[in-house]
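Written out below as structure tokens is the structure these notes cover.
Since the structure is predicted, the reported quantities are computational estimates derived from the model, not experimental observations. First the proteins, then the strands, lettered A, B, ... as listed; each starts at 1.
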Amino acid sequence: MAYVAVKGGAEAIEESIKRLTYERIHANELLELETITATMRGMVDQVMSESSLYSEFLAAIAIKQSEGNVEEAVFLLRAHRSTLPRTYYTRVVETNTMAVERRISASFKDIPGGQILGASYDYTHRLMDFDLIGESKAGMKEWVSQFLSEEIETTTNPDLTTLPKVVEYLRGEKLFSQIEDDNTEPIDVTKQSLQFPTTRSERLQVLTRGQTGAVTSLGYAAIRGFGQVHPTVGELRVGKLPLWISHPTEQSDDEENDYYIGEIKVTEVESFVPVSVQNENNTEEMEFEIGYGICYGQNETKAIAISILDHSLEVGKKEYPTQDEEFVLLHIDSVESSGFISHLKLPHYVTFQSKLDSMRKIKKESEK
Amino acid sequence: MHDKPILQVRNLKKQYGPGCADCADPANRIIEKNHCPKCQTVYACRNISFDLHEGEILGIVGESGSGKSTLMKCLYFDEAVTDGKAFIRSYQGGQTNIFEESSQQHRFIRNYILGMVYQNPILGLKMDFSSVGNIAEKLIAAGDRRVKRMEERSKELLEHVHIPIARMKDEPKKFSGGMQQRVQIAKALSNNPPILFLDEVTTGLDLSVQASVLDLIKRIQRELGISMLVVSHDLAVIRMLANRTIVMLNGEIIEQGLTDQILEDPQHAYTQQLVYSLI
Amino acid sequence: MAIDLVHDTQEVFRTFLHCMSRPGTIKNIEEIGRPIGQHEYCQHSIFVSAITLLDAETRFHVVGEQADLIEEFLSSFTYSKVVDLQAADYIFIMKDAKKQMIKEVFKEAKKGTLTNPQQSATILIETDRLSNGNQLTLEGPGIAHTQNAEIVDSEFWIAERAEAMKEYPLGVDIILIDRKSNIMCLPRTTIIHKREVY
Amino acid sequence: MNRRRRTAILIDGSPSFAKDLAREIERNYAVRILSEPQHALTMIKLRETAKNSLFYLGEVLVTETKVQINNKIGIGIVVGNEEELSYELAVIDAAYQGALKETKNWTLLFEEEERRIRENKTTRERAILKTKVDFEMMDVE
Amino acid sequence: MSRLLEVKDLSKSFIIHHLTKKMTAIETINFSLEEGEFIGIVGKSGSGKSTVLKSIYRTYLPEKGSILYNSEKFGLVDLAKLSEREVLYLRQHEIGYVSQFLNVMPRTTARELVEQAVIEMGRPKDEARQAAEDALTHFELDPELWDSYPNTFSGGQKLRLNISCAIVKKPRLLLLDEPTASLDDASKLRVREIIERLKIGGTTLIGIFHDLEFMDGLCDKVYDLQKKIVV
Amino acid sequence: MQLQTHFALFDEGSKKEIRRAILKGVAIPGYQVPFASREMPIARGWGTGGLQITLSIIGKQDVLKVIDQGSDESVNAVNIKKLVNKTTGVKTTIETSEATIIQSRHRIPEVPLTEEQIMVLQVPIPEPLRWVEPSEFKTKKLHAENDYSGAWLMLFEQIMKYGKTATDADHPVLVHDRYVMAPSPIPRFDNSKIHQSEALILFGAGREKKIYAIPPYTNVVSLAFEDYPFEVETFDGKQCRLCSATNVFLDELVNQETGSTEYQCNDTSYCLSMLNEDGITAEVEVAHAR
């Protein structure tokens with residue numbers, strides 16, 4: 001019997017992947033993972049935040065593998081997390097335990113504990129620094145030792161882990177209502193698909209893992225005109241949060257017996273949004289509400305945009321797309337949006353043939 | 001006369017909010033108008049009971065906030081009742097409290113037994129679909145699967161409500177308010193529902209248009225014998241249409257009677273005020 | 001324990017999938033995960049069924065003389081939470097369950113909601129014997145024409161099951177397991193006719 | 001010393017600190033590795049401060065090791081790709097679980113390391129505070 | 001002859017809430033009516049003539065007393081306490097009411113108006129059409145007007161249309177509430193002829209008329225509201 | 001440190017969750033069961049839903065066939081097959097009758113499926129009402145209330161506008177007289193293959209996080225009005241230029257040299273088996289490899 005072979009894509013795929021490797025390495029330059037974690041802080045932070053997986057080490061591998069393509073790096077990390085067991089949940093992290101590295105408020109000129117600029121691009125003049133062309137290791141070393149040896153004015157007992165929060169100060173003033181801790185168990189969107197209407201925990205989780213650009217754009221739209229949020233940044237903090245987990249099998253709830261496992265860097269924003277509410281006498285009154293944003297690493301615009309969208313979705317009147325939870329939450333995920341857009345590259349000739357058939361028949365019908 | 005009402009409503013209650021110590025007990029509740037000043041709970045409908053008989057038009061009149069529209073929405077399942085019962089003669093032999101049925105059954109009742117004409121045609125029509133499509137939608141919902149038959153029925157109804165057949169494929173968004181309202185009525189009538197709800201159907205229309213819509217409703221009722229519940233804040237509309245009238249205030253029925261009696265011999269202070277302001 | 005969590009549960013699942021897709025069809029899982037020692041509280045096929053379906057994300061309930069012991073045993077193995085009948089995703093009715101309790105199960109078990117009919121209980125019933133005898137006739141999706149079935153003690157729950165299914169898509173789905181580890185499934189779409197006995 | 005404080009000093013302290021303690025135990029006892037250092041995920045549960053409700057911030061990569069010394073199991077979990085440290089943490093945890101005699105002498109060492117961590121923290125914070133904006137009013141004579 | 005209607009101790013007053021005032025319109029009225037009789041009600045302006053008719057028709061809620069009516073459908077009933085549904089039935093089938101005012105839908109023709117009255121009784125449409133034409137011919141409404149809107153009619157034309165609507169139902173009891181109030185003499189005469197014809201046809205009537213002359217020889221008896229006696 | 005891939009990639013917890021969703025899907029034919037879709041090593045929209053089902057049901061004994069747009073050798077099909085093979089070691093085939101699991105995008109093979117096979121279809125947009133109602137909350141409610149007038153109305157409007165229905169692939173179907181379902185973008189030609197199918201058919205939408213199923217021997221009816229019957233794509237008078245098959249779904253190709261239109265079996269594996277039966281030796285070029 002004769003044998004008929006099919007020649008197809010298998011070889012082409014192999015060659016395509018080889019070609020990709022060639023593109024990455026043909027210039028014969030080696031990028032160490034340490035170089036990425038040490039010098040690409042912004043990219044590493046963005047990748048960790050969008051992939052919802054905190055690991056500078058894995059992010060660096062992903063960035064290297066994807067040649068610096070953030071979308072692809074996020075994709076790699078997300079796929080990798082599907083293969084890892086999730087063994088623990090942390091104790092509830094209270095963000096007032098943050099070791100602050102930067103902290104500002106736009107609401108007050110000065111705040112208890114002070115405006116601390118930390119490391120920020122905000123006041124750099126965005127001029128190209130051509131000195132970077134000839135940067136040398138020796139020069140770097142010298143700069144650092146000079147920096148560290150600079151006289152530090154003695155500030156009495158600095159403790160950046162117990163800075164008071166601006167919102168607490170205003171709550172003391174009764175400008176915000178005191179809110180009891182709400183210990184409702186959150187829903188994990190990675191274990192249970194979104195069901196509308198969503199809970200607050202689902203919204204915050206989707207927002208924090210959202211694509212930076214998408215979240216920023218929608219946050220911008222919400223304050224520019226396609227939404228109704230007019231926020232003031234009450235407090236923006238960048239710093240490290242310590243993590244604790246309880247013993248996996250011991251039943252004791254004694255926190256003294258917890259494991260400390262390390263810390264993660266986050267950006268946290270509380271935006272103050274004036275809203276009008278009806279008071280007891282049925283007259284309108286102004287009150288502040290808080291929009292909350294937090295994300296991995298130092299991603300300040302993203303965290304602020306999250307705080308705007310958080311408030312937008314809490315209002316949720318759907319007059320604007322930015323208040324429509326389905327519109328916002330279903331479209332900001334990097335892996336989902338880039339995946340579906342890119343699937344348009346797949347062949348569609350069967351569906352196209354079907355469409356052609358339908359159109360030809362309609363044409364015939366109208367010619368009758 | 002012992003004919004069974006086509007629709008019986010008993011002790012229908014609808015509240016927005018949880019209620020508090022001051023207002024939860026209906027017997028000694030301290031509220032202002034229809035809401036509790038303390039917890040802001042709104043008692044939109046309180047213990048509403050009435051019967052709708054075959055072929056009659058029952059008017060419900062009251063100012064905004066009286067609960068009349070909420071009542072209508074509850075009966076059409078647009079809103080869930082807080083408590084109460086309702087029975088429809090042609091559904092399960094009138095033995096089942098329709099409020100306790102599932103949303104699947106509610107949809108069935110809406111599709112087969114009820115018709116609704118909203119004040120705002122946007123709520124009752126798909127503005128971007130053809131007028132004939134709009135009418136067909138209701139027929140489809142009621143199980144019709146023949147295009148030709150639905151097309152014919154739509155034409156017939158559009159003619160009935162004086163929409164030129166030449167415009168049957170136009171979308172309602174291209175129509176005037178009065179025409180939209182007439183398409184909506186045609187749609188609501190398409191599957192011959194035994195019960196039709198009309199919510200402020202002439203509000204916002206020009207006077208001459210109002211007149212033609214009212215006339216249309218009356219004619220339809222006469223010719224098809226459909227039972228109607230007409231909600232309006234406008235006594236003139238009620239006078240034109242209703243045989244019997246219920247007056248609502250702050251979520252309660254304060255008076256009911258023959259329409260001419262309500263108009264000429266109103267008993268309640270509020271009804272008197274309403275009637276005097278009409279004349 | 002010689003059970004292979006990866007491949008044995010896959011095999012059991014495929015059996016369930018086959019039987020759920022073809023109500024009335026009988027398949028045997030006696031040999032899956034063998035050989036291992038006797039389980040103290042329930043037969044092996046119940047145990048492998050449980051570890052196939054249950055994990056920390058699910059909630060279950062056992063009805064029978066030794067319910068507490070079986071619940072503790074399965075829970076420690078799967079981390080699945082033991083809950084009341086009304087909240088259970090999976091309900092195990094053991095052979096020695098009181099008949100009154102079986103009726104109770106069908107009354108109280110989650111039937112799902114119209115928006116989320118999948119949020120309904122799956123009931124695993126242990127029975128003495130399953131066969132394709134002609135006591136019952138089954139009809140519905142998954143069955144080409146009709147399918148015969150014989151389920152020992154089914155008279156205790158057939159009417160209650162029908163009552164639980166009265167508003168499709170609400171309902172419960174059933175996995176039957178007999179003493180010889182035969183499996184038969186009755187999804188909510190299956191209509192059961194009792195053969196008249198003369 | 002309780003585990004909460006102990007693990008914080010081991011992880012935040014200098015790498016050699018944990019290493020030295022673990023080596024001491026290894027020299028005197030047989031350490032059986034129950035599970036090799038491996039990657040896993042830990043989900044972070046966080047309280048937001050607008051409504052004080054809880055939500056999941058995301059996962060963090062951890063390295064986890066389990067060891068056994070004299071029938072006592074020790075667990076080492078640490079954020080990041082930290083094969084060695086996670087192993088050392090497990091060994092030290094097991095040592096404390098078994099209340100091995102070596103641990104009796106460690107308390108002072110831990111306190112010493114903790115002091116060093118605190119000093120470093122102060123230096124770091126002072127440096128950060130150089131970026132604090134000074135709003136003090138001009139003195140009016 | 002049998003008794004069709006008996007009014008016993010009928011009183012009616014109005015409470016005007018915003019004036020916190022109670023106005024008594026009629027008090028302890030008593031009279032009765034045999035089948036086929038025509039009773040006229042007289043009294044000076046404001047004595048409550050219309051109140052009596054409206055109470056019988058239930059446009060006013062009777063306050064005290066009873067109005068016993070021998071219904072074909074329900075037997076002996078008290079119109080003061082009868083359910084609204086039953087009152088509506090009687091209005092559609094047994095009791096007619098004619099006043100000088102015309103209350104109609106704005107876009108309804110004279111013909112449709114009369115047809116409606118028949119259709120409301122549950123008769124088929126073609127029968128209603130025939131009955132309407134008969135009535136309009138009978139009451140001498142110019143056929144040219146049949147398909148126009150009644151708003152444009154003269155007083156006499158409106159009245160004849162009103163009567164047509166009432167009569168087409170062949171009511172057993174017809175209430176005439178000053179139907180001739182605004183008519184010229186010629187028109188009044190035609191109305192008188194119509195009433196005479198009704199009487200001959202066996203309709204029982206209660207009437208209020210503005211001028212007493214009109215009633216002369218038409219009524220079998222007259223009830224004086226002030227003296228509270230039948231004369 | 002051990003860095004090796006688990007059998008079928010997923011951790012067992014993920015598989016269990018998907019399996020539970022599949023069983024509920026089978027029990028409620030045509031109903032879209034929500035599940036916590038995992039992120040996969042291939043992109044969303046590239047078959048992650050189908051792949052998640054395949055990886056959750058597959059066992060060592062299974063034989064897998066993967067097709068994309070009718071073709072076993074399309075790059076996407078090859079790629080998915082490669083991933084499953086790499087993580088499970090199962091045998092793969094292009095022979096429809098040999099396979100126990102067939103994962104496909106946009107086609108159901110021409111060779112009738114059997115009781116022993118499971119068909120897994122990849123679904124981009126599982127919601128048949130999505131074009132009538134963009135909100136997921138509302139479409140869920142419409143399904144709950146058995147209100148499909150929107151879907152019918154769309155067809156009605158097409159008839160009003162064009163004189164006939166204008167749907168192409170993914171023509172909605174009514175399952176077991178209750179749920180309206182998107183059959184995935186298979187051509188209308190394939191709709192009848194789901195009705196009373198001998199094989200179990202599973203549908204997976206990864207990005208939209210839904211799984212649904214059609215058990216064997218289930219009534220599946222393409223939505224159509226009584227007086228405007230459902231019509232499939234027709235290839236009247238056309239036949240495959242290679243195997244001469246008729247009554248199959250054909251690809252329309254332009255002959256580069258002559259410029260004329262030619263037709264060829266879309267199901268390449270079917271075409272091959274036809275050719276092999278005839279004893280013709282040929283090499284089928286897969287024109288759309290890219």
Return yes when atom [atom1] of [X] has more than 12 non-hydrogen atoms of other residues, nucleotides or ligands closer than 6.0 Å, and no otherwise.
{"X": "E/K81", "atom1": "NZ", "answer": "yes"}
{"X": "E/Q226", "atom1": "CD", "answer": "yes"}
{"X": "B/K155", "atom1": "NZ", "answer": "yes"}
{"X": "B/K33", "atom1": "NZ", "answer": "no"}

Open item on the list: Pair B/Y276, E/H18 - check ring-ring contact (aromatic ring centres under 6.0 Å, His included), show working.
Closed with: CA-CA 11 Å; B/Y276 299 153; E/H18 76 284; 5.7 Å; yes
Task: Between B/D260, B/D51, B/I262, B/N243, the one whose heavy-atom pairs under 4.5 Å with chain E are most numerous - done: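 Of B/D260, B/D51, B/I262, B/N243, B/D260 has the most heavy-atom pairs under 4.5 Å with chain E.
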- [ ] Find the one option among B/E56, B/Q221, B/Q267, B/Q256 whose heavy-atom pairs under 4.5 Å with chain E are most numerous.
- [x]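 Looking at each of B/E56, B/Q221, B/Q267, B/Q256 in turn, B/Q267 comes out on top.
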Task: Trace of the side chain to side chain contact (heavy atoms under 4.5 Å, CB included) decision for E/T108 with B/R219 - done: CA-CA 9 Å; E/T108 312; B/R219 195 152 45 89; over 6 Å; no
- [ ] Rounded to the nearest 0.5 Å, what's the gap from OH on E/Y89 to NE2 on B/H53? Could you check?
- [x]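 Answer for the OH-NE2 pair, E/Y89 versus B/H53, is 15.0 Å.
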- [ ] Find the distance between CD (E/E112) and NZ (B/K218) and round it off to the nearest 0.5 Å.
- [x]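 It is 13.0 Å, given to the nearest 0.5 Å.
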Open item on the list: Checking an interface table here. Which of residues 48-62 of chain E come within a heavy-atom distance under 4.5 Å of chain B?
Closed with: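 Within residues 48-62 of chain E, the residues that come under 4.5 Å of chain B (heavy atoms only) are E/K54, E/Y57, E/R58, E/T59, E/Y60, E/L61.
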Open item on the list: Is it the case that the side chain of B/Q272 and the backbone of E/H17 share a donor-acceptor pair, with hydrogens and angles ignored and the cut-off at 3.5 Å?
Closed with: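 Yes; judged by distance alone, with no hydrogens or angles, the pair exists.
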